[in-house]
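To keep things clear, I will list the structure first and then write my remarks on it.
The structure presented is a predicted model; accordingly, all values stated were derived computationally and were not measured. By convention in this document, chain letters (A, B, ...) are assigned in the order of the sequence lines, proteins followed by strands, and residues within each chain are numbered from 1.
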Amino acid sequence: VPAADHRLTTVEMARFVAHGYLRFDALVPAEVNRAALDVLADVEQAKFGAFVGNGEPPPDQPASLTPLADCYPAPSPFGRFLRLPAVIGIVESLLGPNPVFDHDFVHHLGPGHHSQQHLHPDAIVDSCDPTFDIQLFWFPHDVQPGAGGTRFVPGTHVRRAASATTAAYQQMVGDEWFSGPAGTVLVFHHGLWHAGQANPSESHRWMYKVRLNPTEPQVRRWNTADFAAVQNDPTDHVFARWRHDSVAAELRRTFPWEGSDANRYDLVERIRLWRYVSGDDHFDVDYYLTRLERRAALVGER
Amino acid sequence: MSELGDAPPAGGSPAVLRQQVLQLWLVSAALDTDAVAWAFYDGTGGTGPAPPAPGPDGRPPYRSGVDALTDGWLLISVPPPCDAGAPPGTPPGALPFCFTFERQVQLHDPPISTGTNPLA
């Protein structure tokens, strides 16, 4: 990948499609982290005040549908974050050109914060098509283990469960709780199950979260220099002949909470998502869709 | 609320019954398959037996539903049958195989309820 090209590779995109998130440790420079920490408390107060009808949002608060490139003019630390070349590359890879702002929020957990959220996707109202939004979770300071790092469950983004149902899962095998160095950014598919946690530590936990929408098809927007080398054909089948260096190998994951049956249903959804982002309607893993489509053609349902 | 009619200990209050509830989501409808998610609710307000401890490395407190039975939990609900073969394009949703267990606990000095709806 050229140094000037901050877009994701095909393998990184496949990893996002499989896991529903990507993690970039210490991506944001220390100076930008410090600039954010200088203003987060005021921004939180203004945004919350506006939310409850007691005041105005921050003066530079973007409206939904604002082109991302126009959000938070200099010297806003949020604008500096959103216009980092690495962030631009990640966003363009996943959403394509000209993404728009959906909303943002400051997530603050004070020392000794007791309550925690129930597990939920940020998609109470959602479609069944494979288009997706992304959410950037920016942690501008170190987060120690057990100090309020967000809980999330890799691989759950392809499911369409109601948040009122996922709320019951107090713990799942394969849960992760974020901890990491200052400037780390988690990039979530909007459907990934997650939950804010308690913060029993003696430190504040700050996090800036922004949701972004695509405006154009999210098809092959990443750095596709490795695409031809890793994109497998529909015959890649783990019980026949298969490759270990292909997109299928990235998507063929079993998450600890799935079990073998659920893993197959989830894998089909990953295949559908990869067909969308790759623009390859014949892509398959382990022959799941090809088998059904060929049979359906026999009775004219295709 | 059920209250037991047994005689109180000398000078004590009568025993009352409280539930502890354990939910296990298994990978199939078979009770002897692996648990992958769980939840615990305590009607004793923390005065009853300790909740089942999670296993190492984030494993569930019981490997399977049968293991919970063996440890004395009583099964009180099973998941409905689940049809196979949803057509592609129908994304999967919630974890389908939830088994609910209870443990009945007799308390002589139950905690004062804090669950009264303040809006009622």
If every non-hydrogen atom of [X] is compared with every non-hydrogen atom of [Y], which pair is closest and at what distance?
{"X": "A:Ala168", "Y": "B:Tyr41", "value": "O-OH, 4.2 Å"}
{"X": "A:Arg160", "Y": "B:Pro91", "value": "CG-CB, 3.6 Å"}
{"X": "B:Gly93", "Y": "A:Ala161", "value": "C-CB, 3.7 Å"}

Just how far is it from atom CZ of A:Arg159 to atom CG of B:Leu95, taken to the nearest 0.5 Å?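 Result: 6.0 Å between the selected atoms.
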
Looking at chain B, which one of A:Arg264, A:Glu258, A:Gln171 has the largest number of heavy-atom pairs inside 4.5 Å, strictly under?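 Winner by heavy-atom pair count: A:Gln171.
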
Would B:Trp38 and A:Val173 count as a side chain to side chain contact (heavy atoms under 4.5 Å, CB included) here? Give the steps. CA-CA 9 Å; B:Trp38 66 100; A:Val173 182; 4.1 Å; yes

Got more than 12 heavy atoms from elsewhere within 6.0 Å of CZ, A:Phe24?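 Count over threshold, so yes.
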
Crowded around A:Asn54 CG? As in, over 12 foreign heavy atoms under 6.0 Å?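 No, the 6.0 Å shell around CG holds no more than 12 heavy atoms from other groups.
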
Is it the case that the side chain of A:Gln170 and the backbone of B:Phe40 share a donor-acceptor pair, with hydrogens and angles ignored and the cut-off at 3.5 Å?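 At least one qualifying donor-acceptor pair exists.
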
Is the backbone N or O of B:Trp25 less than 3.5 Å from a side-chain atom of A:Tyr169, with the two atoms forming a donor-acceptor pair by type?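 Side chain of A:Tyr169 to backbone of B:Trp25, a donor-acceptor pair under 3.5 Å: no, none is there.
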
Sort A:Thr165 into side chain, backbone, both or neither according to what part of it lies under 4.5 angstrom from a heavy atom of chain B.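 The side chain, not the backbone.
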
Looking at side-chain heavy atoms only, is the closest gap between B:Pro92 and A:Asp266 below 4.5 Å?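 Yes. Closest side-chain heavy atoms under 4.5 Å.
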
Chain A interface, residue from B:Gly58, B:Ala94, B:Pro60 that has the most non-hydrogen pairs under 4.5 Å: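 Going by pairs under 4.5 Å, I would pick B:Ala94.
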
